[in-house]
Amino acid sequence: MWKTWIMAVVAFAGLAGLLDLAVTRLIARSCPLADSYRIQHLFEDNSDAIPIFGNSRALGHYCPADMGIAAFNYGLDGTSFEVMDALLQIELAKTRTTPLIVELQFYDTEALGYEGNFIPFVSDPRIRGVLGHFHALHWWYFLPGFRYFGNYEFYFKSFMLLKLHIFKVSQGFHELTRIPPFDPVQLQEFVRQHAGMANGYFQTEDQQHRLIALIKEHPRRLFILTISPYHPCHFIDFKNGDRLAAFKAALSALPNVVLLDNSRQACPDNYWLDTIHLRRPAAAIYSKAVGEKIRAALQERGLPVPGDPGAAK
Amino acid sequence: MELDGLNFLVFLGCVAGLQATLPARARAALLLGASLVFYALVSLPWLVLLLGLCLVNFAAASHLGRAGRPGGRTLVFTTTILLDLLVLIGFKYLPGIEAWLPATPTGGIWRIAVPLGLSYFTFQMVACVTDAYRETWQPEGGFRDFALFGLFFPQITSGPIPRAGSLLPQLRAGGAPTAPDRLAGLRMIALGFFKKFVVASRLSEYVTDIFNQPPAGNFVPSLLAAGFNVMQLYADFSGYVDIAIGSARFLGIRLDPNFDHPFSATSVSGFWRRWHMTLSFWLRDYLFMPLVIRLRNGGKPGIAAATIFTFAICGIWHGATWPFLLFGVAQGVAMALELLTKSWRTRMIRGLPERLVDRLGNVWVLVFFMLSEIMFRSTTLPQALTLYRHLFHLRLSGGIGGLLGAQPYSMALDGLAIAAWLGVDYLYDRTTDRATPWFVALCATLILLLGCVGSANFIYAAF
């Protein structure tokens with residue numbers, strides 16, 4: 001009987017090890033649709049492409065191909081300031097001096113996003129720090145073979161969605177290959193659901209101070225801070241507008257900051273996927289416009305435009 | 001400590017290891033020590049409360065069990081039962097008045113938490129004292145054995161609800177597991193973990209999403225959610241019970257089964273003889289039967305009234321909400337209708353093939369339980385009514401994602417989990433002792449691959 005037990009345990013452990021290896025090599029670090037791939041890219045990339053940071057709004061609103069400049073989108077669904085801060089720390093530890101785009105938020109979700117994204121990188125103290133902050137640093141994340149428990153489907157999903165051509169990816173930007181038509185009823189439903197929520201600027205002072213300190217610590221990097229459009233329903237009875245204005249003024253006063261606040265940009269209804277996300281056709285228009293503004297800002301400062309012929313790293 | 005955690009398996013392994021090395025006379029003490037540690041890890045004050053209740057009930061049962069002492073029997077019995085029920089009701093239903101209490105010294109709101117497993121513990125105690133009062137059971141052994149019976153760690157969280165007559169003698173012996181006991185226990189534990197992580201946790205995500213916001217314009221997601229809800233509840237609760245019974249069996253203790261293929265029942269009353277059996281039998285013996293005796297002159301309507309009342313209490317036991325009450329009442333009404341229409345139905349189906357009648361009965365049970373479980377799952381009456389409205393508004397619209405109420409990929413995984421469940425269940429019934437390691441390895445692999453860590457706690461641990 002002991003022989004059978006040993007054989008079964010060895011078979012299970014072997015299979016677990018193989019699965020771990022396959023997922024790590026073939027998906028987590030190789031499948032462009034997997035968010036972990038983009039985190040891996042963040043660790044490794046030292047090109048002149050402008051990195052874009054933020055949550056799902058950054059991910060869905062900034063298409064590098066449409067921006068007309070070399071960029072890479074590191075936006076992560078459902079992430080908060082803490083996660084963005086950790087990713088920024090990774091980026092700012094590099095020697096390169098390319099500008100970077102950071103999408104600012106009116107309010108913080110105080111969420112980690114999908115923790116499975118971070119499992120392959122728990123050896124990095126910044127990733128461990130952010131997982132620890134959200135009480136999501138589990139011991140089995142350090143156990144090869146078992147660390148992906150509960151997350152395999154997430155990785156397989158990314159792999160399948162790309163293989164089945166349901167999504168396509170370009171420089172970190174994800175998009176559906178078939179764009180769903182605009183649904184005005186659904187948008188109205190989103191607006192109706194939003195009606196019960198408080199509008200305003202709710203980032204904490206600590207978050208403001210930390211971002212400003214980070215920008216000051218890296219004077220050689222140009223921070224392009226953006227706020228992409230919010231649906232007009234977010235501006236009804238807008239609270240803490242004075243705090244937002246003061247924060248924007250403080251940021252604008254920094255020499256290495258370009259602030260592009262497009263939050264109140266008027267958009268027709270068919271631009272909206274919901275009240276905080278633009279549909280793909282609108283994102284293309286928005287990306288192009290932001291790309292042009294960034295190009296102008298860089299040229300005004302005498303900086304090379306990444307992606308242009310002759311642009312230095 | 002939850003039963004679905006790795007720390008529980010380590011704990012169980014340590015207890016089993018010690019049990020194997022200790023002499024037989026020390027094993028009951030070991031099990032009591034382990035149960036005390038298990039509960040102390042949850043909450044020390046609650047452990048003290050439960051031990052206090054154990055002591056009161058032990059004293060009462062001992063007094064009632066002694067022959068030739070008629071004096072004050074009813075008083076002792078009534079006082080003890082009232083005390084048990086008061087503690088249970090106090091903890092279960094007082095949280096509703098939290099908002100009315102004055103602020104805490106720090107200005108916060110009082111939070112009244114229900115001690116883990118208090119319901120099941122109370123049911124055990126009430127059964128002991130009542131059996132002693134009825135003179136159908138006599139306490140044997142001392143307080144140590146009685147406390148072990150009350151706090152036995154594999155079943156304290158959510159049952160099954162054991163009877164002293166069958167469990168106490170086993171516990172007093174301290175358990176002497178044979179190799180087949182250990183293997184059967186491991187099989188059950190593996191099956192329980194599989195049901196919890198692969199089926200219940202996965203289906204929970206879909207069910208929660210749809211119950212919270214049923215998609216308009218399409219009845220299919222609500223229908224799927226109603227069906228998945230039943231599967232999730234069964235996988236979750238029977239998974240827990242498998243782990244509990246398997247853990248006890250691993251220690252050489254046999255607990256009563258709690259499920260017996262409930263979805264093959266052909267009537268609602270038959271269903272409740274197969275679903276959460278230990279609770280059903282407890283309700284029958286300690287609530288329904290005394291009521292029937294009181295209403296014995298009422299004939300069938302009296303029995304029907306007793307059934308409805310019993311299940312209304314069963315519903316409200318789950319929580320003081322309208323959906324729970326209506327869930328219980330619906331069960332009682334269905335059973336009452338089955339009772340009152342039995343002779344008429346017998347005449348109507350005379351001549352029909354027995355298989356067809358059974359199939360029809362089975363469909364009735366499945367549909368009824370699926371619909372009534374919507375009440376069980378809903379936190380408020382409007383939530384339940386919204387789901388019923390969407391369910392019976394037979395409209396179809398939207399693409400495949402809208403039709404399913406989820407991404408096809410997620411739905412495919414849900415289907416895969418259910419298919420894997422059927423496969424594992426099939427293998428479980430056919431796995432011999434020799435093949436147990438492979439069955440455990442298979443379950444572990446499926447849990448690793450398909451497991452979902454969505455909803456951590458067992459549903460019935462909340463009751």
Side-chain angles (χ1 to χ4, degrees), chain A residues 1-20 22-23 33 114-116 119 135-136 138-141 143-164 166-167 176 178-181 183 185-186 188-190 192-193, chain B residues 4-7 10 179-180 182-183 186-187 190 193 196-198 201-202 205 212-217 397-402 406-417 420 431-456:
Chain A
M1 196 66 187
W2 278 111
K3 264 189 190 169
T4 319
W5 272 112
I6 290 166
M7 276 160 56
V9 169
V10 168
F12 169 63
L15 200 60
L18 277 175
L19 274 168
D20 184 296
V23 164
L33 192 61
Y114 194 78
E115 63 188 69
I119 296 172
H135 308 289
H138 304 298
W139 59 267
W140 63 84
Y141 286 175
L143 208 59
F146 303 95
R147 58 183 169 165
Y148 294 123
F149 165 62
N151 291 286
Y152 277 104
E153 65 177 273
F154 174 71
Y155 286 107
F156 289 142
K157 185 179 173 182
S158 303
F159 187 74
M160 294 302 292
L161 289 175
L162 199 63
K163 288 287 169 202
L164 295 171
I166 293 169
F167 272 86
L176 283 162
R178 283 171 54 192
I179 300 164
D183 185 346
V185 177
Q186 197 176 38
Q188 285 312 308
E189 178 61 20
F190 283 128
R192 191 191 62 76
Q193 285 171 13
Chain B
D4 60 343
L6 197 71
N7 48 1
V10 172
R182 296 269 203 222
L183 293 169
L186 283 174
R187 283 198 298 273
F193 271 80
K196 171 67 185 165
F197 284 115
V198 177
S201 294
R202 176 171 299 287
E205 290 179 4
N212 286 345
Q213 201 168 0
S397 65
I400 184 76
Q407 294 296 329
Y409 179 86
S410 308
M411 190 53 71
L413 280 171
D414 292 345
L416 189 64
T431 303
T432 58
D433 284 351
R434 275 191 76 80
T436 297
W438 293 111
F439 178 78
V440 173
L442 173 72
C443 287
T445 307
L446 288 170
I447 290 167
L448 182 68
L449 199 58
L450 291 174
C452 205
V453 282
S455 68

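The sequence lines fix the lettering, A, B, ..., with proteins before strands; numbering per chain opens at 1.
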Quick one: which of B/L446, B/V198, B/I447 gives a side chain to side chain contact (heavy atoms under 4.5 Å, CB included) with B/F193?
-> B/I447

Which heavy atom of B/L450 sits nearest a heavy atom of B/R202, and at what distance?
-> O-NH2, 2.7 Å

Examine whether an atom of A/A11 lies under 4.5 Å from a heavy atom of chain B, and if so say whether it belongs to the side chain, the backbone or both; otherwise answer neither.
-> side chain

Heavy-atom distances under 4.5 Å only: say whether A/M7 touches chain B with side chain, backbone, both or neither.
-> both

Okay, B/L448 and chain A: the region with an atom under 4.5 Å from a heavy atom over there is both

Check whether B/L416 gets within reach of chain A through its side chain, its backbone, both or neither, counting any heavy atom under 4.5 Å.
-> neither

State, with a plain yes or no, whether a side-chain heavy atom of A/W5 is found less than 4.5 Å away from one of B/L186.
-> yes

Any side-chain heavy atom of A/F12 within less than 4.5 Å of one from B/V440?
-> no

Over 60° means perpendicular and under 30° means parallel, so classify the ring planes of A/Y114 and A/F154, tilted if in between.
-> parallel

What part of A/W2 gets closer than 4.5 Å to chain B, counting heavy atoms only: side chain, backbone, both or neither?
-> neither

Please work out whether the ring planes of A/W140 and A/H138 are parallel, tilted or perpendicular, with thresholds of 30° and 60°.
-> parallel

What residue in B/S410, B/A441, B/A444 has the most heavy-atom pairs under 4.5 Å with chain A?
-> B/A444

Could you look at A/Q193 and say if it's the side chain, the backbone, both or neither that has a heavy atom under 4.5 Å from chain B?
-> side chain

Of the listed residues (A/F146, A/Y148, A/F156), which shares the most heavy-atom pairs with chain B below a 4.5 Å separation?
-> A/F156

